[in-house]
Peer 1: 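One structure coming up, written as structure tokens, with questions to follow.
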Amino acid sequence: MSYNVANNTAQINGKTGPKGPKAKGINYGINAAYNHLGYINSLKCDTKTPKPDVFTKNSTPEDMEAELKRLESETTPPLNFILRYAPKKNAISVFFNRLFKGHNIDTQALLGFSCAAMGNKQAMTIEEADAPFKDEAFKDIGAKLTTKAFDVNDDGKIDASEEAVSTVIADVLSKDKGINSKGLDIKKADGSYTNDGENKMMMFCNEENLEIASMITKDMHAKLGLNKAQKEFLKNN
């Protein structure tokens with residue numbers, strides 16, 4: 001299983017996965033994206049439905065017991081989750097990172113997570129990025145959704161560094177109530193986000209908020225140093 005459950009919350013991280021155990025940096029982020037996808041896929045499976053013929057007089061007690069075990073092991077995960085996309089740092093590292101870099105994010109892990117979440121693509125068009133918004137799940141949302149606000153360099157595409165901003169926004173909004181007069185405080189990001197933060201991040205995809213959302217994403221992209229981090233990422237990946 002790609003996650004653990006504690007306090008009715010799915011705990012997802014990048015410690016293990018396709019890049020092996022005890023992964024660091026880029027590989028930690030890739031593992032986290034892989035495990036997050038496993039969690040999402042498990043939400044789509046209605047495995048709680050028992051096989052109709054098992055609990056009849058024609059079945060043996062052993063058949064019934066086996067089916068009960070299957071149902072117990074294959075139940076869907078809780079809707080609440082916390083996803084750690086970058087490894088947790090000790091208090092001293094956190095202090096100096098915030099002091100000298102202005103944030104506490106392992107940007108290589110962040111970019112590994114973002115690239116893997118994009119299907120290992122370095123970039124996608126706005127149309128490709130917006131495709132999920134045409135699914136049935138968004139049909140009745142009552143707003144036009146788009147990823148245009150994350151197109152930091154206005155080239156009609158979303159690359160891994162721009163996708164990464166959405167992750168950090170979800171991270172900050174998992175700890176903060178919302179946007180203040182200065183935008184978002186990236187010092188509050190710690191390399192993890194919750195379903196609540198992810199839901200709040202969706203306001204950046206509302207076309208009505210495009211102007212202010214674009215200003216904030218450009219500012220965060222610059223403060224995180226993602227242009228430089230992207231060059232390093234491409235060199236090592």
Peer 1: State yes or no: do Ile212 and Val152 share one hydrophobic cluster built from I, L, V, M, F, W and Y residues joined by side-chain heavy-atom distances below 4.5 Å, directly or via other members?
Peer 2: no
Peer 1: Near Asn7 CG, under 6.0 Å, is it more than 12 heavy atoms from other residues, nucleotides or ligands?
Peer 2: no
Peer 1: With distance as the sole test, does Asp176 use its side chain to make a donor-acceptor pair with the main-chain N or O of Val172 at under 3.5 Å?
Peer 2: no
Peer 1: Would you find a donor on one side and an acceptor on the other, under 3.5 Å apart, between the side chain of Glu207 and the backbone of Lys148?
Peer 2: no
Peer 1: Given Lys144 and Phe133, is the side-chain contact (heavy atoms from CB on, under 4.5 Å) satisfied, shown in steps?
Peer 2: CA-CA 9 Å; Lys144 187 173 181 181; Phe133 296 146; over 6 Å; no
Peer 1: Checking Asn31 side chain against Gly20 main chain: does a donor-acceptor pair fall under 3.5 Å?
Peer 2: yes
Peer 1: Side-chain contact, heavy-atom cut-off 4.5 Å: Leu43 with Leu79?
Peer 2: yes
Peer 1: Hey, could you give me the CD1/CG distance between Ile30 and Leu111, rounded to the nearest 0.5 Å?
Peer 2: 10.5 Å
Peer 1: Going by atom types only, do Ser192 and Asp190 share a side-chain donor-acceptor pair under 3.5 Å?
Peer 2: yes
Peer 1: Decide whether Tyr3 and Ile82 are clustered together by the hydrophobic rule: side chain heavy atoms of Ile, Leu, Val, Met, Phe, Trp, Tyr closer than 4.5 Å, transitively.
Peer 2: no
Peer 1: Should Leu184 and Val168 count as side-chain neighbours, where that means a heavy-atom distance under 4.5 Å?
Peer 2: no
Peer 1: Atom CE in Met124, atom CD in Glu163: separation rounded to 0.5 Å?
Peer 2: 7.0 Å
Peer 1: Got a donor-acceptor contact below 3.5 angstrom from the Asp151 side chain to the Gly156 backbone?
Peer 2: yes
Peer 1: Is the closest side-chain donor-acceptor distance between Thr146 and Asp130 under 3.5 Å?
Peer 2: yes
Peer 1: Would you say Leu210 ends up clustered with Met201 if hydrophobic residues are merged whenever their side chains have heavy atoms under 4.5 Å apart, either directly or through other cluster members?
Peer 2: no
Peer 1: Show the nearest heavy-atom pair for residues Asn104 and Ala189, with the distance to one decimal.
Peer 2: CB-O, 4.1 Å
Peer 1: For Ser161 and Asp159, does a side-chain donor sit closer than 3.5 Å to a side-chain acceptor?
Peer 2: yes
Peer 1: Output yes when a side-chain donor or acceptor of Asp196 lies under 3.5 Å from a complementary backbone atom of Lys200, and no otherwise.
Peer 2: no
Peer 1: According to a 4.5 Å side-chain heavy-atom criterion applied to Ile, Leu, Val, Met, Phe, Trp and Tyr, with indirect links allowed, do Ile40 and Val5 form part of one hydrophobic cluster?
Peer 2: yes
Peer 1: Taking the side chain as C-beta and beyond, is there a heavy-atom pair between Asn153 and Glu162 under 4.5 Å?
Peer 2: yes
Peer 1: Among residues at least two apart in sequence or on other chains, which ones pass side chain to side chain contact (heavy atoms under 4.5 Å, CB included) with Phe81?
Peer 2: Ala10, Ile12, His36, Tyr39, Leu83, Tyr193, Asn195, Glu198
Peer 1: If you take all heavy atoms of Ala116 and Ala33, which pair is closest and at what distance?
Peer 2: CB-CB, 3.5 Å
Peer 1: Any chance NZ of Lys15 has more than 12 other-residue heavy atoms, nucleotides or ligands included, within less than 6.0 Å?
Peer 2: no
Peer 1: Answer with yes or no whether the hydrophobic clustering places Ile169 together with Ile126; edges join I, L, V, M, F, W, Y residues whose side-chain heavy atoms lie under 4.5 Å apart.
Peer 2: yes
Peer 1: Working to the nearest 0.5 Å, report the span between CG of Asn35 and OG1 of Thr16.
Peer 2: 5.5 Å
Peer 1: Rounded to the nearest 0.5 Å, what's the gap from CD1 on Ile186 to CE on Met220? Could you check?
Peer 2: 6.0 Å
Peer 1: Mind checking the NZ-OG1 spacing from Lys157 to Thr147? Nearest 0.5 Å is all I need.
Peer 2: 13.5 Å
Peer 1: Rounded at 0.5 Å granularity, tell me how far CG in Asp154 sits from OG in Ser214.
Peer 2: 7.5 Å
Peer 1: Sort and list the pairs that fulfil ring pair (Phe, Tyr, Trp, His ring centres under 6.0 Å) and have at least one residue in residues 102-128, not counting sequence neighbours.
Peer 2: Tyr85-Phe113
Peer 1: Can you tell if the side chain of Arg84 reaches within under 4.5 Å of the side chain of Tyr28, non-hydrogen atoms only?
Peer 2: yes
Peer 1: Are the side chain of Ser174 and the backbone of Thr194 linked by a donor-acceptor contact shorter than 3.5 Å?
Peer 2: yes
Peer 1: Are any side-chain N or O atoms of Asp106 and backbone N or O atoms of Ala86, one a donor and one an acceptor, separated by less than 3.5 Å?
Peer 2: no
Peer 1: Counting neighbours of NZ on Lys89 that are heavy atoms of other residues, nucleotides or ligands and sit closer than 6.0 Å, is the number greater than 12?
Peer 2: yes
